[in-house]
Amino acid sequence: MSGKHYSYDIPDHPIKYIKVDPVTIKFDPRAQRNLNKARAQAIAEKLVPTALGTPILSRREDGLYAVDGMHRVYACQLILGGKVSVAEEVRQAVQTIICEVHSDLSMANEASLFIIKNKESSKVGPNDEFRIGVLAGHPLFVDTNTVLEKHQLKVGSSSANGVRGIKGILSIVTDHGPDVLDQSLTIAEDAWGRSPDTWHSVTIGGIATVISKHPDVVKPAELAQKLKRQGDPVSFRSKIQVTATNNNTRADGTKGRLKAAHLAVASAWNANRRVNRIPVPNIFE
């Protein structure tokens, strides 16, 4: 099985750098993080106009909306509204600010732009990135959320219905498609029931890799029973960790844990089996 094509590509569109009155700029949390007014006030109180940077806006039919730089824009609004006391030269300097204005973007395009601009800086947490992507209608996040809702799972919750490691879950959908994620979650629940550790992205990733690579051999119900015999999800994940670190003799990364999870799930399927065995990976190649 192969995953559906997902990307953060944005179509060619007009971009201009213009002076904008900050007071006229609007905010829409569907395409970016929630406004933290306390943070914006702290920025306003110490604002250096020459270090303001260039906020990124999207021109919609009803006006200009902040895509990136929302807190800097709101800080300027606080200053111009007299909500923060600053030197007169600062207030004069932010009467208009230079902004990068994008036109003809959909809501999903705006979300992609926000994520691209913030991805490398680690300013946006994965849970916020997911929320923004879902609200903005980005296909990767919407498809993933549809599967999670089907299984009554929530991102960021520590309960028995909480998904752990949304970045890993998104990778499953990117690599294998939403149907494989759906099937993997069903297998995990059939094996271990509903607990916080059932939904760990590394374990789910191992299941997804196996059923994606061997769809004509691996039977979901049988795989669930095989995994159940391996112990609870905590002990199974511990086994993955030990394998990934070669019994704690080497460092492991996300890719190493996913390879170890692939090995653990494949080995569980092959246990006591003479026919319909599947290859197991050499994770240290």
The criterion is side-chain contact (heavy atoms from CB on, under 4.5 Å); which residues satisfy it with D182, sequence neighbours excluded?
V147, K150, H151, T186
Assess the pair H71 and Y74: is the distance between their ring centroids shorter than 6.0 Å?
no
Heavy-atom closest pair, residues N161 and W199:
CA-NE1, 4.3 Å
Return the set of residues passing side-chain hydrogen bond (donor to acceptor under 3.5 Å, both in side chains) with N109 (not counting sequence neighbours), or none when no residue passes.
S106
Under 3.5 Å side-chain donor-acceptor pair for H176 and S212:
yes
Please determine whether a side-chain nitrogen of the Lys or Arg among K83 and E45 lies less than 4.0 Å from a carboxylate oxygen of the Asp or Glu.
no
Please determine, by modelled atom types, if S195 and T198 share a side-chain donor-acceptor pair under 3.5 angstrom.
yes
So, are D104 and R59 salt-bridged, with charged N and O less than 4.0 Å apart?
no
Answer yes or no: are there more than 12 heavy-atom neighbours, outside K26 itself, under 6.0 Å from its atom NZ?
yes
Inspect the contact between R60 and E110 and indicate whether a charged nitrogen and a carboxylate oxygen are less than 4.0 angstrom apart.
yes
Looking just at side-chain N and O atoms, do N270 and S267 make a donor-acceptor pair shorter than 3.5 Å?
no
Name all residues meeting the ring pair (Phe, Tyr, Trp, His ring centres under 6.0 Å) criterion together with F130; count only those two or more places apart in sequence or in a different chain, and write none if there are none.
none
Can you find a heavy atom in the side chain of I204 that is under 4.5 Å from one in the side chain of L185?
yes
Heavy-atom distance under 4.5 Å between the side chains of L263 and T243, does that happen here?
yes
Heavy-atom check, side chain of L113 versus side chain of D68, under 4.5 Å:
no
Considering all heavy atoms, the nearest A208-I172 contact
CB-CG2, 3.7 Å
Does any non-hydrogen side-chain atom of K228 lie less than 4.5 Å from one of D190?
no
